[in-house]
Amino acid sequence: MSTSENLSPGPGIVARFGLANWRQNIIYIGFAVIFLIFALTLNDKGFLNPNNLLNIVRQTAMIAVMAIAMTFVLSAGEIDLSVGAVAGLASVTTAMAIDVGGIMFGVGAGLATGIAVGVFNGLLTTRIGIPSFLTTLAMMGIAKGVAMWISDTSAVPIIEPAYSWLFGGGSIGIIPVLLIWMVVLGVIGHFVLKRTSFGRRVLATGGGETAARYSGIDTSSIKFRVLILSSMAAALAGMLYAGRLQSGRFQLGEGDELSVIAAAVLGGTSLFGGYGTVIGTIVGALMIGLINNGLILMGLEFSQQLIARGGIIILAVALSQKRS
């Protein structure tokens with residue numbers, strides 16, 4: 001055996017150090033690098049203060065909740081642009097229902113809002129054949145308009161402390177309730193996507209709808225169900241917004257659809273369907289919150305924050321999606 005053969009890096013070494021799959025873990029590497037940079041440069045501004053770190057969780061929990069469901073939607077080859085507006089509408093219907101019939105009635109009204117929107121989106125997409133991009137884009141305007149109309153563009157206060165504690169404002173010791181919501185839903189979402197037949201059918205539908213249909217999968221039903229799931233998650237996020245702020249407002253969730261999709265794609269979920277990871281999505285949501293928090297502590301102007309945030313997200317997405 002020649003010396004050059006002895007010195008050449010074989011596939012065993014590459015596999016041993018995980019170099020071949022580094023792109024698959026780029027979101028985790030990126031999160032760790034950005035966290036380390038902010039920790040070293042912003043330590044004197046309180047970045048590592050436990051309260052600041054918990055605030056990052058509180059500010060991104062609702063994005064993470066919606067992004068978990070968005071992972072299913074994107075994995076099935078669809079998209080939902082209405083999540084932000086649905087969150088605002090659900091916050092208003094929940095607050096108004098609590099005022100009339102108490103906490104349980106309010107929770108039911110919020111979830112019913114999500115189900116109704118999801119059914120509407122699902123029927124238009126799977127039965128009539130309107131692309132989900134257009135269906136949910138239209139629903140974005142409808143949901144916001146309804147929320148403004150029924151609330152008369154005013155905040156609807158929530159005076160039930162139990163609701164505010166359970167849906168966003170409470171904590172168990174130092175652990176925010178919002179963190180518990182995010183972790184529990186993340187575990188459920190990961191299990192369903194990776195360990196159940198429904199999750200496999202979602203991935204098969206997005207990976208190749210025609211092939212999935214020939215293998216016996218009802219792809220229309222899968223798409224219908226993931227759109228309902230997305231709207232229900234958006235409604236829950238709206239209820240968490242309302243609990244944290246103790247009021248329902250049509251502005252809540254405004255613009256969140258972009259952050260939600262970015263979180264899922266940052267985490268490695270394919271925009272073209274067929275692959276999704278809930279854990280990566282949650283890390284992607286936290287990464288967005290981390291970037292926002294760090295740029296604010298740096299004292300950058302808002303315009304500079306937008307530029308820096310966009311550049312970081314583009315780089316991370318380019319690296320993570322390259323592996324597909």
Donor-acceptor contact below 3.5 Å, side chain [X] vs main chain [Y]:
X    : Y    : answer
T125 : G122 : no
T113 : L111 : no
S91  : G88  : yes
D152 : S154 : no
T277 : G280 : yes
T136 : M139 : no
Y275 : G207 : no

Of all pairs that satisfy ring-ring contact (aromatic ring centres under 6.0 Å, His included), the ones with a partner from residues 41-88, not counting sequence neighbours: F35-F47, F38-F47

Between [X] and [Y], what is the shortest heavy-atom contact and its length?
X    : Y    : value
A162 : I103 : CB-CD1, 3.7 Å
A69  : A233 : CB-CB, 3.5 Å
A87  : M66  : CB-SD, 4.4 Å
G110 : A90  : O-CB, 4.2 Å
L178 : M62  : CD2-SD, 3.7 Å
A212 : T219 : CB-CG2, 3.9 Å

Dump the intermediate steps for side-chain contact (heavy atoms from CB on, under 4.5 Å) on I34 and M287, then the final yes or no. CA-CA 8 Å; I34 292 174; M287 185 173 175; 3.1 Å; yes

Can you measure from [atom1] ([X]) to [atom2] ([Y]) and round to the nearest 0.5 angstrom?
X    : Y    : atom1 : atom2 : answer
T153 : F250 : OG1   : CZ    : 6.0 Å
S259 : I63  : OG    : CD1   : 4.5 Å
T135 : I79  : OG1   : CD1   : 12.0 Å
W165 : E160 : CH2   : CD    : 15.0 Å
I279 : I282 : CD1   : CD1   : 7.0 Å
K223 : S132 : NZ    : OG    : 7.5 Å

Taking atom types as modelled and ignoring hydrogens, do the side chains of [X] and [Y] form a donor-acceptor contact shorter than 3.5 angstrom?
X    : Y    : value
T205 : R201 : no
D80  : S82  : yes
T281 : T71  : yes
N293 : N55  : no

Do the side chains of [X] and [Y] join up, straight or via other hydrophobic residues, at under 4.5 Å, putting them in one cluster?
X    : Y    : answer
I128 : L134 : yes
I217 : F224 : no
V119 : I142 : no
V107 : I115 : no
I228 : V73  : no

Would you say the side chain of [Y] lies within less than 4.5 Å of the side chain of [X], judging by non-hydrogen atoms?
X    : Y    : result
S231 : N121 : yes
L229 : M232 : no
F167 : W181 : yes
S75  : L203 : yes
I159 : I98  : no
R249 : V156 : no
I261 : M70  : yes
I180 : V184 : yes

Around atom [atom1] of [X], are there more than 12 heavy atoms from other residues, nucleotides or ligands closer than 6.0 Å?
X    : atom1 : result
W149 : CH2   : no
I174 : CD1   : no
F31  : CZ    : yes

Are T94 and F105 close enough, and set up right, to give a side-chain contact (heavy atoms from CB on, under 4.5 Å), and what steps lead you there? CA-CA 8 Å; T94 298; F105 188 57; over 6 Å; no

When you look at Y163 and Q246, which way does the side-chain contact (heavy atoms from CB on, under 4.5 Å) test go after all the steps? CA-CA 9 Å; Y163 176 87; Q246 298 183 352; over 6 Å; no

Does I150 form a side-chain contact (heavy atoms from CB on, under 4.5 Å) with L89? I'd like the steps, not just the answer. CA-CA 9 Å; I150 63 177; L89 175 60; 4.2 Å; yes

